[in-house]
Amino acid sequence: MAGPHQQYHAISKPVTANFPFFKKINLYTLLLILFLCTFSYLFGSWRNTIVSIPCDPSKPTTTVTEEGKSLDFATHHSAGDLDVTLTSEVRTYPSCNVNLSEYTPCEDPKRSFKFSRHQLIYEERHCPEKGELLKCRIPAPYGYRNPFTWPASRDYAWYNNVPHKHLTVEKAVQNWIRFEGDRFRFPGGGTMFPNGADAYIDDIGRLIDLNDGSIRTAIDTGCGVASWGGYLLSRNVLTMSFAPRDNHEAQVQFALERGVPALIGIMASKRLPYPSRAFDMAHCSRCLIPWADFGGQYLIEVDRVLRPGGYWILSGPPINWKTHWKGWDRTEDDLNDEQNKIETVANSLCWKKLVEKDDIAIWQKPINHLNCKANRKITQNPPFCPAHDPDKAWYTNMETCLTNLPEVSTNQDVAGGELPKWPERLNAVPPRISRGTLEGITAETFQKDTALWNRRVSYYKAVNNQLEKPGRYRNILDMNAYLGGFAAALINDPLWVMNVVPVQASANTLGVIYERGLIGTYQDWCEAMSTYPRTYDFIHADSVFSLYDGRCEMEDILLEMDRILRPEGNVIFRDDVDVLVKIKKITDILNWDSRIVDHEDGPHQREKLLFAVKAYWTAPADHQKESTTSS
């Protein structure tokens with residue numbers, strides 16, 4: 001085509017008397033332009049004959065034209081194409097020792113015991129320093145197999161995947177877990193529901209409505225093997241379950257192996273890593289949390305994360321102590337005193353006790369603080385917190401003050417805005433956006449983002465047809481979730497998504513994600529996640545490495561992804577092509593099979609996609625006994 005320095009212009013006129021000579025020159029120029037335009041048109045037509053895109057990025061990427069000819073449509077961005085200088089010297093990443101097959105860097109017992117036992121601080125996150133970071137790949141135990149597909153995984157897990165029998169003995173009477181041949185079976189029992197979680201949830205459902213869509217998000221404190229959360233899924237209630245690493249061996253790991261959302265966590269001195277007003281329901285079934293101690297700060301923290309009008313359910317000591325006190329090996333006076341203290345703290349939070357029936361007690365948080373503030377003129381215990389960010393929850397100290405709810409005009413108004421019932425709330429504009437509390441994010445922004453991720457996920461499924469197969473993926477991680485659009489686009493698939501909002505993100509949008517009826521957590525990707533190795537079947541990393549450029553080493557983030565990804569798990573990276581080339585250079589060393597493919601809007605976008613598959617590998621057979629014994 002004509003370049004900017006060509007002298008020919010369509011509207012120019014000759015400026016000399018030698019008209020035939022210039023006419024001849026114009027004719028040649030016209031012929032040249034005609035030739036270039038014809039060539040460009042034919043070349044473009046040839047490219048547009050492509051009618052399909054590859055479905056399996058792990059195989060050679062070829063595309064068939066209308067004429068039936070095979071074209072090599074593989075990306076040609078490779079690590080050798082650019083002068084890439086990594087932030088650290090390229091190295092090999094050997095296998096870690098098999099004794100590290102369940103290594104959790106920020107909850108490492110060897111490191112934890114260096115910290116104070118006061119308020120169980122030693123069980124909180126304590127991450128290794130930069131010089132302590134492992135530069136090796138965590139091995140799966142010998143004999144590791146792909147987990148059972150959902151919903152069978154709720155009831156079964158392979159023994160070799162989590163080789164721990166301790167709970168089968170300790171919790172045998174309570175029906176937590178049983179060992180049967182080469183697998184574990186989960187009967188669905190719990191400490192306070194030995195007849196099964198389903199029957200226990202039915203008991204709760206007779207006291208509050210679990211079926212009308214008003215309760216969608218729940219949090220289970222001290223979750224055991226997460227049977228409560230697992231059985232709530234059939235009622236469209238999505239539960240964030242958490243428990244510390246070492247109270248009961250591998251309890252959170254069992255939950256994740258079952259395909260139930262869970263994180264390692266504890267109520268100690270720091271806020272839970274969730275925003276305010278996140279959960280419709282909170283639950284404790286003999287979770288052993290001292291609710292009335294330390295100025296009632298643990299119940300105060302539950303109040304922070306509960307939505308206005310949300311429920312707190314308590315079963316186990318001290319509820320129904322008159323029936324159980326002998327079996328609990330505690331005195332009647334001790335249990336009565338504990339219950340009175342809990343009642344006092346709940347009243348000070350302006351909660352209303354709805355019911356206590358048999359082993360279950362339920363309180364409800366008020367929908368606003370109008371009456372509560374009026375009562376504070378009489379008593380100031382606990383006081384309302386001074387102006388602070390109630391959503392700040394990453395290494396943030398718990399407080400013994402009551403988190404303010406957003407202002408309302410009348411007693412009937414729901415503080416922060418009323419949510420539609422599930423499933424309408426998924427795609428309704430969240431109140432945090434409609435009320436303008438997130439700068440620069442509007443209703444139009446939200447609607448466009450929802451449509452964008454519907455289109456992007458359709459493209460992902462076209463490139464990787466495994467995404468369309470029910471049961472292929474169950475546990476999904478979105479490392480930079482923004483408004484939760486990726487998870488929302490997958491809502492009809494039999495999977496769940498842990499939506500992460502990085503603490504370095506420009507906007508704290510995790511509250512929006514919860515208002516949509518989804519779940520997630522805060523995370524700094526310069527540190528390890530509070531989860532076990534081999535947690536996730538699929539990881540989505542949208543612009544993560546651009547966000548962390550200059551903050552920490554790319555290889556350390558990728559090694560953490562390798563730790564929490566299952567063998568044969570998949571990753572989609574979305575980032576600038578130069579960033580993806582650097583990523584691919586490291587994932588090749590990690591022995592991942594990967595391929596860069598074009599953006600959904602075509603090859604002329606700098607943003608590209610890197611589809612990757614982690615290879616299947618385990619510890620050697622001669623370490624099988626060592627792995628089992630060390631557990």
Side-chain angles (χ1 to χ4, degrees), residues 95-105 107 137-171 176-188 223-227 229-230 241 243 245-246 248-264 471-477 494-496 498 529-539 560-570 613-631:
S95 170
C96 301
N97 189 287
V98 68
N99 292 328
L100 293 170
S101 66
E102 294 174 0
Y103 179 56
T104 53
E107 291 85 11
R137 296 176 296 148
I138 303 296
Y142 177 77
Y144 180 90
R145 302 169 66 174
N146 286 331
F148 290 89
T149 58
W150 184 266
S153 66
R154 188 189 67 180
D155 301 326
Y156 295 98
W158 298 115
Y159 169 75
N160 282 340
N161 290 12
V162 192
H164 298 284
K165 295 181 183 178
H166 179 69
L167 283 178
T168 65
V169 177
E170 182 181 344
K171 300 295 181 180
W176 275 32
I177 181 174
R178 293 182 179 176
F179 177 63
E180 298 178 350
D182 59 355
R183 66 197 66 185
F184 293 108
R185 183 168 66 86
F186 301 91
C223 64
V225 294
S227 289
S241 300
R245 174 178 167 122
D246 66 342
H248 296 302
E249 191 174 58
Q251 55 184 332
V252 168
Q253 191 174 16
F254 278 122
L256 294 164
E257 196 69 18
R258 298 174 71 186
V260 179
L263 286 170
I264 300 171
R472 172 62 180 89
Y473 307 110
R474 174 63 185 172
N475 303 358
I476 312 293
L477 172 67
L495 52 81
W496 58 269
M498 183 68 73
M529 193 175 186
S530 291
T531 193
Y532 281 87
R534 302 172 297 282
T535 289
Y536 293 103
D537 308 299
F538 190 103
I539 299 177
E560 172 62 6
M561 294 172 70
D562 185 81
R563 182 184 75 90
I564 64 179
L565 185 65
R566 297 190 192 278
E568 298 184 328
N570 286 200
V613 181
K614 178 180 174 178
Y616 175 86
W617 68 281
T618 71
D622 57 356
H623 289 289
Q624 181 181 14
K625 183 176 181 180
E626 177 185 355
S627 177
T628 304
T629 303
S630 65
S631 68

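Contact detail for A262 and A255: the closest heavy-atom pair is CB-CB, 3.9 Å. A pairwise comparison of heavy atoms in P567 and A140 identifies CG-CB, 4.2 Å as the closest pair. The minimum heavy-atom distance between N160 and P163, with the atom names listed, is O-CD, 3.7 Å. Nearest heavy atom pair, residue T104 against residue T531, reads CG2-O, 3.5 Å. Nearest heavy-atom pair across N161 and E257 is ND2-OE2, 2.7 Å. When all heavy atoms are compared, the tightest approach of F179 to G181 is CZ-O, 2.8 Å.
Proximity of M529 to L477: side-chain heavy atoms (C-beta onward) are separated by under 4.5 Å at one or more points. No side-chain heavy atom of R534 sits under 4.5 Å from any side-chain heavy atom of L256.
With rounding to the nearest 0.5 Å, the separation of CG in D155 from CZ in F186 is 9.0 Å. Rounding to the nearest 0.5 Å gives a distance of 9.5 Å between CD of E560 and CG of D562. Atom NE2 of H164 is separated from atom CD of Q253 by 5.5 Å, given to the nearest 0.5 angstrom. In this structure, NZ in K165 is found 11.5 Å from CD1 in I177, a value given to the nearest 0.5 Å. Atom CG in D182 sits 6.0 Å away from atom CZ in R145 (nearest 0.5 Å).
The aromatic rings of Y616 and Y144 are tilted relative to each other, their planes meeting at an angle between 30° and 60°.
When each of N570, T149, D537 is checked for a side-chain hydrogen bond (donor to acceptor under 3.5 Å, both in side chains) with Y473, only N570 meets the rule. Across F184, Y142, F254, a single residue satisfies ring-ring contact (aromatic ring centres under 6.0 Å, His included) together with Y159, and that is F184.
When atom types are taken as modelled, the side chain of K614 and the backbone of R566 share no donor-acceptor pair closer than 3.5 angstrom. Side-chain atoms of R154 do not come within 3.5 Å of backbone N or O of G188 as any donor-acceptor pair. Proximity of a side-chain donor or acceptor of W158 to a complementary backbone N or O of N146 within less than 3.5 Å is detected. A donor-acceptor distance shorter than 3.5 angstrom exists from the side chain of N475 to the backbone of T535, with no hydrogens or angles considered.
In this view, R185 and Y156, R178, E180, P187 satisfy the side chain to side chain contact (heavy atoms under 4.5 Å, CB included) rule, not counting sequence neighbours. Scored by the side chain to side chain contact (heavy atoms under 4.5 Å, CB included) test, S153 finds F148, W150 as partners (sequence neighbours excluded). In terms of the side chain to side chain contact (heavy atoms under 4.5 Å, CB included) criterion, residue partners of P139 (sequence neighbours excluded) are, by chain and number, S95, C96, W617, A619.
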Y532/R245 under side chain to side chain contact (heavy atoms under 4.5 Å, CB included): CA gap, chis, key distance, verdict
CA-CA 9 Å; Y532 281 87; R245 174 178 167 122; 3.5 Å; yes
